[in-house]
Amino acid sequence: MKGVLHSSIAIGSASISLQLILFPSSLTEIIFQQGESLSVMGQVVPVVSWRVLVLLKLYAGGSQEKLDVHRILQVRNPQPRDLEEIAHMAKSLGIHEDWTTVRTLYNRRFF
């Protein structure tokens, strides 16, 4: 994955694996601008929207992430406006080519 640092810390006799994910500032802005809230066990928890999750998967790269994006699109059955919004954000993040590839395959219902 792009921008991922792997490390671990020792706590007592246990080793805990850590992943620090570094995003470009433009992606961080989109994450916070497009954030949503979800109630979990009576607590409000901030979450990313499904559109931003698509962008995060595309940014991470990899075949599993592209398959995940396809599955998200299948479940969400997005409207053309949603697809255009994702395309616009993907272009601003420099991952438009990845988005175009996944969207083309989704439109053809491959995977």
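- The minimum heavy-atom distance between Gly61 and Glu65, with the atom names listed, is O-OE1, 2.6 Å.
- The one candidate from Leu53, Leu55, Ile30 that meets the side-chain contact (heavy atoms from CB on, under 4.5 Å) condition with Val48 is Leu53.
- With values rounded to the nearest 0.5 angstrom, Leu58 atom CG is found 9.5 Å from Thr100 atom OG1.
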* Passes side-chain contact (heavy atoms from CB on, under 4.5 Å), Arg71 versus Val75? Steps please. -> CA-CA 6 Å; Arg71 289 182 179 148; Val75 169; 5.6 Å; no
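- Here the straight-line distance linking atom OG of Ser49 with atom CD of Glu85 works out to 7.5 Å at 0.5 Å rounding.
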### Task
May I have the step-by-step check of side-chain contact (heavy atoms from CB on, under 4.5 Å) for Lys66 and Asp98, ending in yes or no?
CA-CA 9 Å; Lys66 288 181 181 176; Asp98 297 312; 3.9 Å; yes
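- By the 4.5 Å heavy-atom criterion applied to side chains, Val54 and Asp68 are not counted as neighbours.
- Side-chain contact check for Leu93 versus Phe23: every heavy-atom pair is 4.5 Å or farther apart.
- Remark: side-chain polar atoms of Asn77 are not paired, donor with acceptor, to backbone N or O of Gln74 under 3.5 angstrom.
- Distance check: Trp99 CH2 to Lys57 NZ gives 14.5 Å after rounding to the nearest 0.5 Å.
- The 12-atom threshold is not exceeded at CD of Glu97, counting heavy atoms of other residues, nucleotides or ligands nearer than 6.0 Å.
- Under a 3.5 Å cut-off, the side chain of Ser15 and the backbone N or O of Ile11 do not form any donor-acceptor pair.
- In this structure, His6 NE2 and Leu18 CG are separated by 11.0 Å, a value rounded to the nearest 0.5 Å.
- Side-chain contact between Phe32 and Pro46 is absent, with no heavy atoms from C-beta onward closer than 4.5 Å.
- The line from CG of Leu83 to CZ of Arg51 is 10.0 Å long, rounded to the nearest 0.5 Å.
- Atom CD of Gln34 is separated from atom CD1 of Ile86 by 10.0 Å, given to the nearest 0.5 angstrom.
- Tracing side-chain contacts under 4.5 Å through hydrophobic residues (I, L, V, M, F, W, Y), one never reaches Val44 starting from Met41; they form parts of separate clusters.
- Residues Leu73 and Trp50 are in side-chain contact: their nearest non-hydrogen atoms beyond the backbone lie under 4.5 Å apart.
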